[in-house]
2 protein chains.
Amino acid sequence: MRKLTIKDVAKHAGVSTATISRVLNGSGYVSEDVRRQVLASVKELNYRPNAIARSLKQEKSRSIGMILPDMSNPYFMTIARTIQQRLVAEGYRLLFMDSDENPDKEREALDALLSNRVEGLLLAGTGGNKEQLRQLIGSGIPVVLVDRCVPGVSADLVMEDNRGPVRQAMEYLVSAGHRHIGMIHGPKTISTALERYEAAVRALQEAGLQVGEEYVYSGDFSRKSGKQAIQKLMKLPVPPTAVFSANNEMTFGLYLGLQEMGIGLDEVEVVSFGDLDFSSLFKHRLSVIMQHPESIGDSAASILLDKLLHQKSAMENRIIIPKFVQKNKLSL
Amino acid sequence: MRKLTIKDVAKHAGVSTATISRVLNGSGYVSEDVRRQVLASVKELNYRPNAIARSLKQEKSRSIGMILPDMSNPYFMTIARTIQQRLVAEGYRLLFMDSDENPDKEREALDALLSNRVEGLLLAGTGGNKEQLRQLIGSGIPVVLVDRCVPGVSADLVMEDNRGPVRQAMEYLVSAGHRHIGMIHGPKTISTALERYEAAVRALQEAGLQVGEEYVYSGDFSRKSGKQAIQKLMKLPVPPTAVFSANNEMTFGLYLGLQEMGIGLDEVEVVSFGDLDFSSLFKHRLSVIMQHPESIGDSAASILLDKLLHQKSAMENRIIIPKFVQKNKLSL
DNA sequence: TTGTAAGCGTTATCAA
DNA sequence: TTGATAACGCTTACAA
């Protein structure tokens with residue numbers, strides 16, 4: 001079965017390729033008779049236009065690149081799903097890649113996307129590849145940074161406020177009487193991690209608390225590192241009575257670690273940046289800083305579509321404010 | 001900044017476009033001198049070949065379509081990640097779409113992928129669009145069905161054995177003394193759901209148990225339907241002492257439902273097809289049929305790549321055997 | 001209202 | 001070892 005082209009349809013319908021194109025794209029004048037005939041041929045032959053050829057001719061790929069750090073993190077997947085729906089609804093296709101928090105993979109992904117002439121890019125960056133990103137933006141491709149900024153790279157940005165809620169959470173912990181607070185942070189190359197870290201430390205200092213180095217663990221946002229962190233913290237001579245975890249996956253790991261050590265899950269007060277959607281199932285003393293992945297995705301998609309569809313050019317920063325929620329209070 | 005083409009590079013390097021192409025693709029003879037000069041120009045201009053033009057010319061899109069039903073289900077996302085890595089490593093790009101278990105969306109996705117001339121398709125189908133799929137396969141595009149078969153559509157298939165482990169699980173429940181067993185099933189249009197349903201009912205019948213209609217709930221594989229199911233089941237005059245849930249999301253919902261009703265999570269014995277990775281955190285009487293999404297993804301990718309790269313044409317069915325595990329026993 | 005033909009950025013054939 | 005050039009399937013002036 002040979003590949004069907006517009007010429008085959010033209011021959012079959014007894015008109016020129018231009019007419020077929022006009023009918024299929026609703027551009028230019030076509031008489032109703034011819035129109036019907038063309039559509040009939042298209043249907044009969046089961047013809048489907050070649051999007052690649054069309055892209056080449058129009059010099060528009062109609063595709064958007066998206067690079068997120070972790071395909072297995074529900075937070076990012078919610079963002080991904082939201083964006084995907086919005087873009088597909090507008091006739092774009094999404095080239096979705098996974099950087100795994102690894103700047104090298106990110107670079108490869110970026111290369112691949114550029115070769116595919118994506119018309120826009122959505123990125124939750126690893127913190128690397130700044131030069132590449134600057135070039136990309138300089139070349140006029142709309143770039144929307146998602147969840148994280150990349151210092152030194154100025155682009156549209158949709159993220160959550162990392163400092164305010166963390167400060168609030170720390171004040172809560174101090175006011176609840178905690179004097180030994182453990183901290184599990186992400187890689188400081190990632191802006192969200194850095195901001196959460198700085199805000200937490202500062203808030204505690206301002207509350208007059210010294211944060212001993214041994215209470216601070218540098219994780220990598222993975223479940224495994226959360227587990228390792230809590231196991232180390234709980235073995236301290238004076239274990240923390242409360243712990244701040246900088247993302248959802250590490251919080252998950254934290255609880256797995258406690259469980260493995262046979263420590264009650266409600267023995268430690270926990271503040272997590274990012275929710276655990278199964279937390280209602282076990283006894284805990286967990287507060288979460290609730291993120292809004294749908295809003296992030298939605299805003300990012302809107303900003304990008306504005307640039308793509310309406311040539312909007314002003315730069316936009318949208319900061320979404322996560323809400324500090326004491327889940328343990330909710331379940332009473 | 002105008003778009004750079006191979007002509008610009010040719011001019012800059014003082015050679016023909018053919019030579020540039022040869023250097024960049026490592027095809028044909030090029031003298032070492034010219035080679036170096038070309039590469040220098042490419043680098044200096046920061047030229048990146050246009051994958052779209054290349055695709056058109058070579059009549060190869062180098063892209064693969066994948067349609068999965070649920071971007072927020074960790075089972076499918078694990079499959080997705082595995083496949084994505086394998087394909088990207090071979091120079092393909094993945095067009096990844098989400099059918100949301102909806103045949104209409106699936107059809108749209110299929111259309112979009114065909115327009116983009118994907119060279120292969122990976123599909124966990126909704127059960128619909130059979131005619132389309134048959135045409136697609138007939139046209140010579142390799143299709144690998146993942147997780148589910150589509151009755152009436154013959155294609156390569158990588159799935160898990162749904163019957164054996166379910167039978168084993170049911171025998172276990174009966175031998176544990178349960179006489180009132182609830183069942184939460186998925187949509188029977190989906191092969192996995194149907195197979196699990198049939199196997200469960202048959203096993204119970206063969207064990208001499210009548211399954212009352214009121215103990216059977218038809219869910220849709222979503223968390224929400226699992227919750228509704230358990231809430232209905234537990235309100236029966238004689239509530240079940242054990243429940244079989246046909247997928248991970250519904251099991252999640254089941255526990256959320258119990259929790260909401262104030263019923264102890266370990267009051268009901270549960271068998272779940274598909275794991276809950278947080279189950280160690282709460283007290284339960286849960287057994288799971290452990291799936292192997294990495295194996296599924298890996299096998300699917302291998303089969304597809306065999307056809308793509310080595311023109312392998314024999315049809316292949318790989319059945320992976322999930323393992324029945326009593327998690328409650330593990331945590332003792 | 002329709003057709004002709006140029007051209008999008010590559011690759012591949014053929015000739016030099 | 002290199003260069004001209006046709007062609008991939010489509011859209012779009014321009015002509016008719």
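Just so it is clear, the structure is predicted and the values come from calculations on it, not from any experiment. The chains referred to below are lettered A, B, ... by the order of the sequence lines, with proteins before strands, and numbering in each begins at 1.
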Study note, to complete from the structure: Contact string for nucleotides 11-16 of chain C, one letter per nucleotide 5' to 3', B = base within protein heavy-atom range under 4.0 Å, S = sugar-phosphate only, - = neither, reads BB----
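- Residues A:Ser139 and B:Lys3 have side chains not in contact (no heavy-atom distance under 4.5 Å, counting atoms from C-beta outward).
- For A:Glu32 and A:Arg36, the salt-bridge test passes: some basic side-chain N is under 4.0 Å from an acidic carboxylate O.
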Practice item. List the steps, then state whether side-chain contact (heavy atoms from CB on, under 4.5 Å) holds for A:Glu90 with A:Leu309. Key: CA-CA 9 Å; A:Glu90 295 293 341; A:Leu309 267 29; 3.7 Å; yes
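- OP1 and OP2 of D:dG9 both lie 4.0 Å or more from every side-chain N or O belonging to A:Tyr47.
- A side-chain donor from one of B:Asn46 and A:Gln135 sits under 3.5 Å from a side-chain acceptor of the other.
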Exercise for review: Test side-chain contact (heavy atoms from CB on, under 4.5 Å) on A:Asn102 and A:Thr126 and set out the steps.
Suggested key: CA-CA 6 Å; A:Asn102 177 340; A:Thr126 59; 5.6 Å; no
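- As rounded to whole Å, 13 Å separates atom C1' of C:dT10 from atom CG of B:Asp8.
- Following rounding to the nearest Å, A:Glu59 (CD) and C:dT10 (C1') show an atom-to-atom distance of 13 Å.
- Spacing between atom NZ of B:Lys7 and atom P of D:dA6 amounts to 13 Å, rounded to whole angstrom units.
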Exercise for review: Tell me, with the steps shown, if B:Leu94 and A:Phe96 meet side-chain contact (heavy atoms from CB on, under 4.5 Å).
Suggested key: CA-CA 8 Å; B:Leu94 233 209; A:Phe96 176 20; over 6 Å; no
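- Nucleotide D:dC8 holds its C1' atom 9 Å from the CG atom of A:Asn50, rounded to whole Å.
- When all heavy atoms of B:Gly152 and B:Arg134 are compared, the pair lying nearest together is O-NH1, 2.8 Å.
- Atom CZ in A:Arg117 sits about 9 Å away from atom P in C:dG9, given to the nearest Å.
- Ion pairing between a basic and an acidic side chain is recognised when a charged N comes within 4.0 Å of a carboxylate O; A:Lys105 and A:Glu108 show no such pairing.
- Spacing between atom CG of A:Leu56 and atom C1' of D:dC8 amounts to 9 Å, rounded to whole angstrom units.
- Remark: nothing in residues 30-45 of chain B comes within less than 4.0 Å of DNA chain C through any heavy atom.
- Atoms CZ (B:Arg48) and P (C:dT10) sit 12 Å apart, rounded to a whole Å.
- Across the protein-nucleic acid pair, B:Lys11 atom NZ and D:dA4 atom C1' stand 15 Å apart, rounded to whole Å.
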Check your understanding: Which is it for A:Ile141 and A:Leu114 under the side-chain contact (heavy atoms from CB on, under 4.5 Å) test, yes or no, and what are the steps along the way?
Key -> CA-CA 10 Å; A:Ile141 297 178; A:Leu114 285 189; 4.0 Å; yes
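- The shortest distance between the side-chain N/O atoms of A:Thr5 and the OP1/OP2 oxygens of D:dG9 is not below 4.0 Å.
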